[in-house]
Amino acid sequence: MKTPIIIDTDPGIDDIVAITAALFSKELDVKLITTIGGNVGIENTTRNALDLLTFLGKDIPVAKGAGEPLVSKPRTATHVHGTTGVGEYRFEAQANAALLSEENAIVAMKNHIVESPEPVTLVPIGPLTNIALLFKTFPETLDNIEEIVLMGGAAAGGNATPVAEFNIFADPHAARIVFDTAIPIVMCGLDVTRLTSITYEDVEKLKGMGQAGEMVYDMLDYYKHTYSDGKVTIHDLCTIFYVTRPDLFTVERANIKVVTEGEAAGCTITNFTDDGNVSVCVGADVAEFRKEFISVFEGIF
Ligand code: BDR
Ligand code: CA
């Protein structure tokens, strides 16, 4: 049986790669895509999700979520992803507006989760505002969630600040709500996303691998401008590969506390302990991960 998942996302170049991998995975059944403001504003992230699905010919509903964090001021990462969120790439076809749900992201997630015959895996790859609002508004959804596999945080270090990763920094109050639930969480943070960076050589292989490969090549070619060591970090892809290929990763259990205010806001204080509710990805089979990345684009159009 395929694993039913909901992806909550702020596309975003690495989000685009992660969603593409999920949509063509034989192991996953993507039920819903919900959008969140993050890398760029909510109008752009929603349009990018609709454009991508139209381009890939996938009929998956998209529900628009929160445009702003719960408490802190909105932040973007246009310096990484460009002003539209997809570098200089432009989708040619008119997006299929029929994919946009009339329900907002919170209600759409709630309906999918409570009506699902199987527990659903949540895959948040942007700031956690929608997920926090879901748990506060519809706590009954917690009973039918298998686990949360998220990109965010770090046991050590940061990218938005020296101690905070972007998705957590962008809405630390929401992140605290999510990490404080008793639900099993897998944290694909900077510890593992940086480790599994993809070499420029591998990125080059996408050229000539069909339309999806060319599209991702174009975006990653832009994304390179923030890297100087010959590799790009496709953070969000780790979550999808964790769900489809958990054997690629090593995890350690921890409890996570999120700092919400002050100089260290967005820091995920990681206390490694066997009875923690969070599995922190601390290692990966990098060679296999890179092969898996290339294989996403083999044989798709
Ligand atoms: C995370 O922040 C965003 O810029 C990326 O899409 C990823 O989800 C990495 O810190
Ligand atoms: Ca993201």
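Numbering of residues begins at 1 and proceeds along the displayed sequence. Computed from a prediction, not measured in an experiment: that's the story for all the values here. Whatever order the structure lists ligands and atoms in, that order sets their numbers, starting from 1.
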### Query
For E204, does the CD atom sit with more than 12 other heavy atoms under 6.0 Å from it, leaving out its own atoms?
yes
### Query
Does K2 NZ have over 12 foreign heavy atoms under 6.0 Å away?
yes
### Message
Please list all pairs meeting salt bridge (charged side-chain N to carboxylate O under 4.0 Å, His left out) that have one or both residues in residues 16-29, counting only residues at least two apart or in different chains.
### Response
D29-K31
### Task
Tell me the protein N, O or S atoms under 3.0 Å from the Ca ion (ligand 2), in chain and number order.
D10 OD1, D15 OD1, D15 OD2, I125 O, D236 OD2
### Task
Quick one: which residue pairs count as a salt bridge (charged side-chain N to carboxylate O under 4.0 Å, His left out) with a foot in residues 226-249, not counting sequence neighbours?
R245-D247, R245-E288, R245-E292
#### Entry: Ring-face cation contact, F24 with K58, 6.0 Å cut, 45° max
yes
### Query
Measuring from each atom of ligand 1, which residues have a heavy atom under 4.0 Å away?
D14, D15, N39, H81, I125, M151, N159, E165, F166, N167, H235, D236
### Task
Answer with yes or no whether the side chains of H173 and E261 bring together a donor and an acceptor at under 3.5 Å.
yes
### Query
What are the two closest heavy atoms between I42 and T45, and how far apart are they?
O-OG1, 3.1 Å
### Task
Hey, could you give me the CD/NE2 distance between E88 and H225, rounded to the nearest 0.5 Å?
9.0 Å
### Message
Applying side-chain contact (heavy atoms from CB on, under 4.5 Å) to I5 and L122, what does each step give before you reach the verdict?
### Response
CA-CA 6 Å; I5 71 167; L122 284 190; over 6 Å; no
